[in-house]
Amino acid sequence: MNEQPARKTVLVVFGTRPEAIKMFPVVHALRADPRFRVVVCVSAQHRGMLDQVLAIAGIVPDHDLDLMRPDQTLDSLTAALLTGLGRVMDAERPDWVMVQGDTATAMAGALAAYYRKVPVAHVEAGLRSHNIYHPWPEEVNRKIIGSIAALHFAPTETAAAALRAENVAPGTIHVTGNTVIDALHWVTARIAAEPGLASGLADLATRFAGKRIIGVTSHRRENFGGGLEAIAQAIRTIAERQDVALIFPVHPNPNVGRVMDAALADLPNVALIEPLDYPHFARLLAMADIMLTDSGGVQEEAPALGKPVLVMRETTERPEGVEAGTALLVGTDPARIVTEIFTLLDDKSAYSRMAKAHNPFGDGKAAPRIVELVANAG
Ligand code: UD1
Ligand code: UDP
């Protein structure tokens, strides 16, 4: 009788919306592969926004720590993550722990694995802004993960070079592309097969027919206390133009909603709406003429779709979109945001220079590459 090689147990840990979006293609690929026993642990650092992604991706977690608390602090969240994830690792005894990106969940997952000497595979490794307060606390989270991980899946050659510059062993760094492109392709195909999955924006499309659509998202902690007010002020000025409409799914962090409701709720051409599930957000990306955002993931998706994206940050760890010409860093100064938006609205050649599809973040096959690399690792 043939001996079957032992299956590797991979514990996949995530907890927020963007991690879930970028991890579901990896979970799908791992689960389809008989070489693995796959255990999914969600911290539920996010609740509603995480559950939206789990539902569309068809993932039922094996462990759900249910950690989200309203307006949670970094200290209390991180402490709860470390003990909760450690307990799951002791129960499951994984061969590998896999984390994604730069959230508190990813950082605590890597640290808990390190405390048990379990090797860590890091998806979306090597992003660096070189400023520990922009984005905050993500830049330090990913540096911590980078110093622990045994396998670094860099989305781009730039990210791989950043790791080599930090003396990470070159043989442990692999350029795979970003799994967000896998996710975007997957959800686009799902919507094509089942248009009802993304039909919920029809009312807004009718209400704003004939106007140029600007999609907005904003949630960065470093913008609390001033930055969000500045962003809201810029949106008020943009909304004075009757030829534009802004669709803004508001992040449920109470610090965001408080500012945006107070500043924007009375404007007829600004729709402040609940967070969209991923198919509807993909639909918004398709509908929008311009995206205005401080999100990491949106900076990656917009270039893939050829949507000009103005990034409301001082620095970015994703320079590829800027280099490709689809993304522009505009910071949070209202005058600058308004000027750049008006230029795109009024100058056709400026718009068409930016509105070109590029794929600096991958070809949509990152997840199978990652799975093969984990299968072949020790
Ligand atoms: C987190 C990540 C950030 C990531 C962002 C994506 C950290 C430190 N921050 O920031 O890197 O870019 O997610 O969105 O890991 N809330 C809800 N429902 C939800 C989700 C959040 O009500 O589904 C509210 C809660 O009041 C919660 C608060 O938002 O306490 C903040 O959530 P948290 O995960 O701590 O921070 P984010 O700003 O979302
Ligand atoms: N997104 C979504 N619904 C929304 C807003 C964003 O599904 O209402 C998706 C978006 O397509 C991207 C991801 O969420 O893939 C980005 O998440 P977020 O901006 O919260 O976090 P970041 O990427 O900045 O860490």
Side-chain angles (χ1 to χ4, degrees), residues 14-25 42-57 66-78 80-81 99-109 124 127 135-142 145 178-184 186-188 198 200-201 215-224 228 247-258 271-286 288 291 293-302 304-305 307 309 311-313 316-318 361:
F14 54 93
T16 65
R17 169 175 65 195
E19 291 167 274
I21 288 172
K22 291 171 173 181
M23 272 304 211
F24 82 68
V42 295
S43 67
Q45 169 182 337
H46 284 173
R47 187 70 274 175
M49 297 203 300
L50 171 75
D51 293 344
Q52 285 181 331
V53 186
L54 294 174
I56 183 71
D66 199 22
L67 289 182
M68 194 194 85
R69 299 291 174 271
D71 204 7
Q72 59 208 1
T73 64
L74 295 176
D75 305 19
S76 62
L77 173 64
T78 303
L81 282 164
V99 298
Q100 195 285 334
D102 52 21
T103 68
T105 295
M107 185 274 286
E124 198 185 78
L127 275 60
W136 173 74
E138 290 82 4
E139 179 77 359
V140 164
N141 284 345
R142 53 194 172 221
I145 302 168
N178 196 310
T179 55
V180 76
I181 306 299
D182 303 39
L184 193 58
W186 184 91
V187 83
T188 305
L201 288 170
V216 186
T217 78
S218 178
H219 69 82
R220 301 239 72 87
R221 277 180 190 257
E222 66 270 19
N223 286 340
F224 297 176
L228 289 178
I247 301 179
F248 186 167
V250 180
H251 190 289
N253 190 318
N255 298 288
V256 181
R258 198 179 303 127
L272 295 179
I273 58 175
E274 295 292 312
L276 293 168
D277 66 15
Y278 195 41
H280 282 94
F281 196 77
R283 175 85 193 96
L284 176 60
L285 282 165
M291 294 301 297
T293 190
D294 61 14
S295 161
V298 179
Q299 282 180 70
E300 295 154 345
E301 293 160 336
L305 298 170
K307 295 290 171 170
V309 55
V311 182
M312 299 183 288
R313 295 204 201 172
T316 183
E317 63 285 14
R318 295 166 167 92
F361 297 105

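The first residue of the sequence shown is numbered 1, and numbering continues consecutively from there. All ligand and atom numbering here is 1-based and tracks the order in the structure.
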Answer yes or no: is there a donor N or O on one side and an acceptor on the other, between the side chain of [X] and the main chain of [Y], under 3.5 Å?
X	Y	answer
H46	M68	no
K22	N178	no
D294	H219	yes
E19	G15	yes
D277	Q52	no
S295	V298	yes
R142	L127	yes
D102	E138	no

If you measure from [atom1] on [X] to [atom2] on [Y], what distance do you get to the nearest 0.5 Å?
X	Y	atom1	atom2	result
M107	T78	CE	OG1	4.5 Å
H280	L285	NE2	CG	13.0 Å
L81	T105	CG	OG1	4.5 Å
L284	F248	CG	CZ	11.5 Å
L201	F281	CG	CZ	10.5 Å

Tell me which one of [options] gets a heavy atom nearest to [atom].
atom	options	answer
atom 24 (C) of ligand 1	P252, G257, S43	P252
atom 17 (C) of ligand 1	R17, M68, H46	M68
atom 23 (O) of ligand 1	R69, M49, R220, Q52	M49

Checklist entry - Quick one: do the T293 and Q299 side chains pair a donor with an acceptor below 3.5 Å? => result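 Judged by distance alone, the side chains do not pair up.
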Identify the closest protein heavy atom to [atom]: which residue and atom is it, and at what distance?
atom	result
atom 6 (C) of ligand 2	R17 CZ, 3.5 Å
atom 34 (O) of ligand 1	Q45 NE2, 2.9 Å
atom 23 (O) of ligand 2	G297 N, 2.7 Å
atom 32 (O) of ligand 1	Q72 NE2, 3.4 Å
atom 25 (O) of ligand 2	P18 CG, 3.4 Å
atom 9 (C) of ligand 2	I21 CD1, 3.6 Å
atom 22 (P) of ligand 2	G296 N, 3.6 Å
atom 29 (O) of ligand 1	N253 CA, 3.2 Å
atom 3 (N) of ligand 2	L276 O, 2.7 Å
atom 36 (O) of ligand 1	R221 NH2, 3.3 Å
atom 5 (C) of ligand 1	H219 CE1, 3.6 Å
atom 3 (C) of ligand 1	E138 OE2, 3.1 Å

Checklist entry - H251 near ligand 1, heavy-atom distance under 4.0 Å? => result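 Contact check H251 vs ligand 1: positive.
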One residue to check: [X]. Relative to ligand 1, which of side chain, backbone, both or neither has a non-hydrogen atom less than 4.0 Å away?
X	answer
S295	neither
P275	neither
L74	side chain

Checklist entry - With atoms numbered from 1 as shown, which atoms in ligand 2 lie under 4.0 angstrom from a non-hydrogen atom of P275? => result 8 (O)
Checklist entry - Just which atoms of ligand 2 are under 4.0 Å from any heavy atom in P249? => result 8 (O)
Checklist entry - Where on K22 is there a heavy atom closer than 4.0 Å to ligand 2, on the side chain, on the backbone, on both, or on neither? => result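 Under 4.0 Å from ligand 2, K22 contributes no heavy atoms.
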Checklist entry - Considering only heavy atoms, does Y278 approach ligand 2 within less than 4.0 Å through its side chain, its backbone, both, or neither? => result both
Is [X] in polar range of ligand 1, meaning some N or O pair under 3.5 Å apart?
X	answer
A104	yes
P254	no
T103	no

Any N/O pair [X]/ligand 2 closer than 3.5 Å:
X	result
H219	yes
S295	yes
E301	yes

Checklist entry - Yes or no on side-chain contact (heavy atoms from CB on, under 4.5 Å) for F24 and I56, after CA distance, side-chain angles and deciding distance? => result CA-CA 10 Å; F24 82 68; I56 183 71; 5.5 Å; no
Checklist outcome for this item: Of Q45, Q100, M49, the one forming a side-chain contact (heavy atoms from CB on, under 4.5 Å) with T16 is Q45
Next on the checklist: So is R220 touching ligand 2 or not, going by heavy atoms under 4.0 Å?
Outcome noted: yes
Item to check | Closest approach of N223 to M312 (non-hydrogen atoms, all atoms of both residues) | outcome: ND2-O, 3.9 Å
